[in-house]
Number of protein chains: 2
Amino acid sequence: MAGIRAKQKEKTRQALINAAMNQLNAENGFSSLSLREVAREAGIAPTSFYRHFRDMDELGLTLVDECGLALRQLLRQARQRIESGGSIIRVSIETFMQFVADNTATFRLLLQERSGRSRSFRLAVVREIDHFKAELEDYLVNEQSFTRELAELQSDTIAKIVFSAGADCFDVDEEEREIITEKTILQVRLVARGAEATRRLLKKQT
Amino acid sequence: MAGIRAKQKEKTRQALINAAMNQLNAENGFSSLSLREVAREAGIAPTSFYRHFRDMDELGLTLVDECGLALRQLLRQARQRIESGGSIIRVSIETFMQFVADNTATFRLLLQERSGRSRSFRLAVVREIDHFKAELEDYLVNEQSFTRELAELQSDTIAKIVFSAGADCFDVDEEEREIITEKTILQVRLVARGAEATRRLLKKQT
DNA sequence: CGAAACAGCGTACACCTGTACGCCGAATGT
DNA sequence: ACATTCGGCGTACAGGTGTACGCTGTTTCG
């Protein structure tokens, strides 16, 4: 019952995932990545791959899911840190940017497959981004008392800005990344200010 | 001197470009697109490909360049239309979205290779987006009297929003695309309002 | 006119791909 | 203790890939 068998299986499964991530680090997009290569890097025979995933797409979806999950957990932690003081915008964006730096490979996969590959791939990515938006939207409604409509518009805008900024961080050093981070903070504040002005505008009209 | 030879060469060159664009329409990203397939669709022998491009990458860069050029020309036309009355934001975004709808294949390539493939590819894409930003930035400085700094922040933000929105249009029907267009207009107005508020804020401080 | 240039072709090669099939040996369940 | 399960392996195959090489027939140029 020790599950020594299941243990080993999980281990090689992880080896496959890591192998895929490593090869993603290079200049090769996920689609130009072969089952055989991944298996080779993971140290198993090509045919053993099928014991874990139906095909490469299933592996890719797993990567997307894991990436999204990790990001969400990280941001949730960040939000707790905020409750004990700190700028919501700054802390969130700094956390996000750090995440991108630490998980460049999978995050690149996420953005790259956002507009390519198979439908199921795209849907998975959209789902992850929607999670991000939904949590931000709820925050804006509950903590900042925005209307649902304005919060939705705002969170969608911010998501676009932040994810684009994340993509800008792929090939830059830490110094450059800090510059981008600061710029992004300013940009999100710009949006927040615009939303605030819009709210006031709407109030006056009634 | 009629250049009947050069004429023919240009014709098959275009055939290659069109073939690549057609195959891009499907669910295949550019990187999963083979020289042989493109040559086949263009109606020439695989080895004749080399008479026109060193390799597939060179073809891809050509596509990116052409796509960017067409977009710039279109937006310049749009701006002329604006000078004879019309909302700059609305007209620009509607034009942009129409362009994406008409050139889905190449625009998808543009966004996809923004964060993938070889360095030269990425640089080419960044260059195109920078063109877009620069023209917008100049407009904001010259016509709207923003400071260079605030104009730069604003144009970068808007570029992020608009290009992301473009990506959202890839797999949707015309109805959905109109919804996205309207949403994008609201989002850009949000940013414009935020920039306006920021400008006033800075003026008061001095 | 004759010679050079050159777009396009066909053949050929070495390489890589996904995956079907059957086997093995260790972990597991009874 | 024995039968079953199952992760991993090796072999094998058909198909696709990029591209080197040398040949054509037409256009171009002196």
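Chain naming here is simple, since letters A, B, ... match the order of the sequence lines and numbering starts at 1 in each.
Taking the charged nitrogens against the carboxylate oxygens, R72(A) and E128(A) do have a contact shorter than 4.0 Å, which makes a salt bridge.
At the heavy-atom level, R40(B) lies under 4.0 Å from the strands shown only through sugar-phosphate atoms. Looking at heavy-atom distances under 4.0 Å, R13(A) makes no contact with the nucleic acid at all.
M56(B) places its CE atom 14 Å from the C1' atom of dT19(D), with the value rounded to the nearest Å. Here the P atom of nucleotide dG18(D) and the CZ atom of R54(B) are 17 Å apart, to the nearest Å. Counting to the nearest Å, the P atom of dT19(C) and the CD atom of E58(A) are 12 Å from each other. Rounded to an integer number of Å, the gap from K11(B) NZ to dT26(D) C1' is 15 Å. Rounded to whole Å, atom C1' of dT17(C) lies 13 Å from atom CG of L33(A). In this structure, the OH atom of Y50(B) is 7 Å from the P atom of dA20(D), given to the nearest Å. Protein atom CG of D55(B) is 10 Å distant from nucleotide atom P of dG18(D), rounded to whole Å. Here dT19(C) presents its P atom at 16 Å from CD of E37(A), a figure rounded to the nearest Å.
Comparing T47(B) and Q8(A) by the nucleotide of DNA chain D whose heavy atom lies nearest to each, the residue mapping closer to the 5' end is Q8(A).
Judged by distance alone, with hydrogens and angles left aside, the side-chain atoms of T12(A) form a donor-acceptor pair with the main-chain N or O of K9(A) at under 3.5 Å.
Here the side chain of R51(B) is nearest to one of dT17(D), dA7(C), dC21(C), namely dA7(C). Checked against dA7(C), dT19(D), dT17(C), the side chain of K9(B) finds its nearest nucleotide in dA7(C). With distances taken from any side-chain atom of R5(B) to the nucleotides dC6(C), dC9(C), dG8(D), the minimum falls on dC6(C). Proximity note for I4(A) (side chain, C-beta onward) versus dG8(C), dA27(C), dG22(C): the nearest is dA27(C). The side chain of S48(A) lies closest to dG8(D), out of dG7(D), dA20(D), dG8(D). Among the nucleotides dG22(C), dT17(C), dG18(D), the one closest to any side-chain atom of S34(B) is dG18(D). Distances from the side chain of R36(A) to the nucleotides dG8(C), dT17(C), dT19(D) place dT17(C) closest.
Taking 4.0 angstrom as the limit, T12(B) places a side-chain polar atom (N or O) nearer than this to OP1 or OP2 of dG8(C).
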*List the steps and the verdict of side-chain contact (heavy atoms from CB on, under 4.5 Å) for D138(A) and E135(A).*
CA-CA 5 Å; D138(A) 285 349; E135(A) 300 207 353; 5.9 Å; no
*Give the intermediate values and the outcome of side-chain contact (heavy atoms from CB on, under 4.5 Å) for residues L153(A) and Q187(B).*
CA-CA 7 Å; L153(A) 191 69; Q187(B) 293 182 328; 3.6 Å; yes
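Ring centroid separation for the pair F96(B) and F107(B) comes in under the 6.0 Å cut-off.
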